[in-house]
Structures are given as C-alpha cells and as structure tokens.
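Data first, discussion second: the structure below is written as structure tokens.
Ligands are counted one by one from 1 in listed order, and the atoms in each one are counted from 1 as well.
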Amino acid sequence: MRDVAAYATAGAREPFARTSIPRRDVGPHDVLIRIEYAGICHSDIHTAREEWGTAIFPLVPGHEIAGVVEEVGSEVSKLAVGDRAGVGCMVDSCGECRHCLAGNEQFCRTNVGTYNSRGYDGEPTYGGYSTHIVVKDAFALRIPDALSSDVAAPLLCAGITTYSPLRHWKVGPGSRVAVAGLGGLGHMGVKIAAALGAEVTVLTRTDAKAEDARRLGAHHVRATADGTAFKELRSGFDLILNTVSAELELDKYLRMLDVDGTMVNVGLPEHSLSINLMSVVGNRRSLSGSPIGGIAETQEMLDFCAEHGLGADVEVIDATSIDAAYDRVVRGDVRYRFVIDTATI
Ligand code: NAP
Ligand code: ZN
C-alpha cells in the first residue's frame, strides 16, 4: 500500500481539496500508472453533486485517465514499463459471466467503477484526479503513439460512450445521424460519426457552436431554441445520439426519426423524463440507451481514433481549477473537454 496525492470532495456541496489516498501494492496482474491527464466528464459532476443519488465520500472522481506505466506485476505481458496506458470507467468485473466472456464488461452485474464504487476487497475505489493508479492489466488500455495523452484521456469515456452505440446501430455511409448536445460526448460523437461516413447533423441550443460543429465534421448544424428545427427535420434521421446532460422534451426529438429510426440516450440527466407513446408508435421508432462500452471495444475505439487523427478538443487546467471547471461545464462553457494536468496535484 502506498499513499498518493489526489483531489477529493468531502461532500455534495464541498469544494475540491488536495488530499492523499491509498493505492494497493502492485499484484501479479496489476499495473501502476503515473497519471498524466484526467478528463472531467459531466458524470463526475452528477456524481460529486449527488444528482444521481448518494455518493461515497471522500470522492476522487475521474474515469478518463491517461498516463505512463511505472511498474508491472510478474504476470503482466500486455503492457511494459514506459508504455502509455489509459483507464476508463471500470477497473474490475467478475470475468466469468456471459457478458464478461463476450467482452461486454459494462453489462457485468458486479463490475467495479473506477470511482464511487467498491472493489471485490470491499474498499472504495478512487478515480483519476490523482497522481497514480493501480489497476488490473485487463482494464488498462494501450494508448496509440499517434495520440498524445491530453487528447487521448477523454476518449476513455467520451470516446467509447459515443463509439459503442454508433457501431452497435451500424452507422456508416448513408446513415443520417443527429448528435444532440455539443459538449464532451457530443463533440466526440460528431468526429466519430463523420469518420464512419455518416451524414451528421448537430442539434445544439444556439448558433454559438455552429462554426465549431462544422470544423468537428458536422455537415449540418441546427439550433433548437426557437423550435423550428423540430418541424423542419421531422422524420429526417435514422439515429439520434442524445448526449444532453439535462432534461429534454423527448417527443420533439423522437419525431425527427424516420421509419425504424432509433434515439439512443447516453446523456443521464438527474430527473426522469416522460414521452407520449405516439412518438414511438408513429414510424415504428425506438427509444434506447447505451452505457460506455467493453474493454476490447474501447481498445478498438482508441485505435480507430488514432488511425483517423481523432483526439478530443481539450482545455488543460490545473487541479486548483476543478470547481471552476465544474461550474463552466454546467453552464455549457467548455470546448470541449477540461483535462486536469495531474502534475499540478
Ligand atoms: P457536457 O460536456 O456538459 O455536454 C452536455 C451538452 O448538453 C452541453 O454541451 C449542451 O450542448 C447540452 N445541454 C446542457 N444543458 C442543456 C439543457 N438544459 N438543454 C439542452 N441542452 C443542454 O457533458 P458530457 O460530459 O458530454 O456528458 C453528457 C451526459 O452524458 C451527462 O449526463 C453524462 O453524465 C452522460 N454520460 C453518460 C455516459 C454513459 O455511459 N451513457 C458516459 C459518460 C457521460 P449545447 O451547448 O450544444 O446545447
Ligand atoms: Zn464519463
């Protein structure tokens, strides 16, 4: 056991402060990663502010982790000292259920979250807002050479959470895809959907991000605030990827789906939403959702992003700015992911 420096919050209304947390000794199947960058996902904010329910405090969030391997266990062959490695939203799973065996650890009933969770040893897990992490090699990803660690870190959540549903619903040339919300997830959704060959439309509240959306790869951008887009784009999409972190009027979005179209929700707002069933009965539409992605698919996504030159657009911040960054994310004032330089911890 060693103590490492971290930034933690002591409660839902408490600011972040420097502290130290325990990391276990490196076991035969473990790797010790010196964290270089940790992305700030809106899920960190929902969790830290207890918008999703009770959290385990002190809380060290961070599930978009990129760094360098400093030590490996005796049985580790996947990674070597000096390799760059990433960690996403999971750090363990049972390894035996049908989901684990199929490489879908995200569906394992007893998988262990990178933070705000308890490992199989019963101890709380602590995330990436820290200098080091010890993780099973099976849950460490190889970061391709073509991606620097700052722009790779957000891929470990924002990248896989958008890549997985785009692949599951077989997005490719000829697909008409709308991405709702241009934040951390949304901007990766646009990049990946465009790289897969889809015709991509961004649905964003105002025109403020229109130029960015086109630069990121969108073919069309529509502001949603005045409501005209909902009428004009009726039955116009095969897939809507909803990355919005707040409550939306789902009916308006569902009615933009063509026959057999699907709205996939990855955004997880605090409160429940309701729909009028007319919105799915018409055009035989589907309303679905998708959680992160499996480890093998996360590696596939990293390799895909490297091949297509798709890093995240990041604003690197010091650890002392976490609270201010949270407020800016909530205001929609981030282009498009804050990443903590963990050397400042
Ligand atoms: P983010 O960077 O804050 O982006 C969310 C975007 O939603 C904003 O940029 C904004 O886009 C839009 N938005 C925010 N408030 C809105 C409102 N009141 N009405 C309409 N649009 C609004 O957040 P993120 O990190 O991308 O995360 C997005 C959501 O996905 C969060 O709820 C997060 O918890 C969830 N998430 C889920 C998974 C999963 O496994 N399913 C994984 C990671 C994150 P515009 O400015 O363009 O309108
Ligand atoms: Zn996340």
Side-chain angles (χ1 to χ4, degrees), residues 38-53 61-65 86-90 104-107 111 113-116 127-129 153-166 168 178-191 201-213 216 218 221-225 227 229-230 241-250 252-253 264-271 273 288-294 297-298 301 312-315 325-339:
I40 293 180
C41 176
H42 207 122
S43 300
D44 299 351
I45 303 173
H46 291 307
T47 306
R49 296 185 174 175
E50 294 196 310
E51 293 168 359
W52 288 345
H63 57 209
E64 295 185 334
I65 299 169
V87 180
C89 301
M90 298 177 285
N104 290 318
E105 300 86 354
Q106 74 274 31
F107 301 128
N111 65 17
T114 304
Y115 65 84
N116 195 41
Y129 299 4
L155 302 181
L156 276 303
C157 176
I160 185 60
T161 303
T162 51
Y163 181 84
S164 184
L166 291 170
H168 180 78
V179 176
L182 197 61
L185 266 59
H187 96 291
M188 285 314 306
V190 171
K191 289 188 188 205
T201 301
V202 167
L203 303 170
T204 175
R205 285 169 292 183
T206 67
D207 285 326
K209 297 174 182 171
E211 207 176 295
D212 283 357
L216 296 166
V221 188
R222 292 301 302 262
T224 52
F230 297 108
L241 182 65
N242 175 20
T243 74
V244 172
S245 50
E247 292 74 18
L248 284 185
E249 287 182 67
L250 289 180
K252 288 182 173 175
Y253 288 82
V264 190
N265 293 274
V266 290
L268 284 165
E270 178 176 4
H271 302 292
L273 305 178
S288 192
S290 183
I292 49 172
E297 193 174 41
T298 303
M301 175 277 308
D313 287 26
V314 300
E315 181 176 335
Y326 273 29
D327 290 339
R328 283 183 57 193
V329 171
V330 171
R331 286 203 304 271
D333 177 22
V334 52
R335 299 198 180 194
Y336 280 88
R337 200 52 135 190
F338 288 117
V339 167

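From the protein, the heavy atom lying nearest to atom 23 (O) of ligand 1 is His42 CB, 3.1 Å. Distance from atom 16 (C) of ligand 1 to its nearest protein heavy atom, with residue and atom name: Arg205 NH1, 3.3 Å. Ranking protein heavy atoms by distance to atom 39 (C) of ligand 1, first place goes to Thr161 CG2, 3.4 Å. Annotation: atom 40 (O) of ligand 1 to nearest protein heavy atom, Ile292 N, 2.9 Å.
Within the 4.0 Å heavy-atom criterion, both parts of Ser245, backbone and side chain, lie near ligand 1.
Closest to atom 47 (O) of ligand 1 by heavy atom, among Thr243, Thr204, Leu203, Val221, is Thr204.
With a 4.5 Å cut-off on side-chain heavy atoms, Thr204 and Val221 count as touching.
Near Gly183, meaning under 4.0 Å from any of its heavy atoms, are these atoms of ligand 1: 2 (O), 4 (O), 9 (O). Within the listing of ligand 1, atoms 29 (C), 30 (O), 32 (O), 35 (C) sit less than 4.0 angstrom from a heavy atom of Gly267.
The Zn ion (ligand 2) has an N, O or S atom of Cys41 inside 2.8 Å of it.
The shortest N or O to N or O distance between Cys157 and ligand 1 is not under 3.5 Å. Annotation: Asn265 places no N or O atom under 3.5 Å from an N or O atom of ligand 1; distance criterion only.
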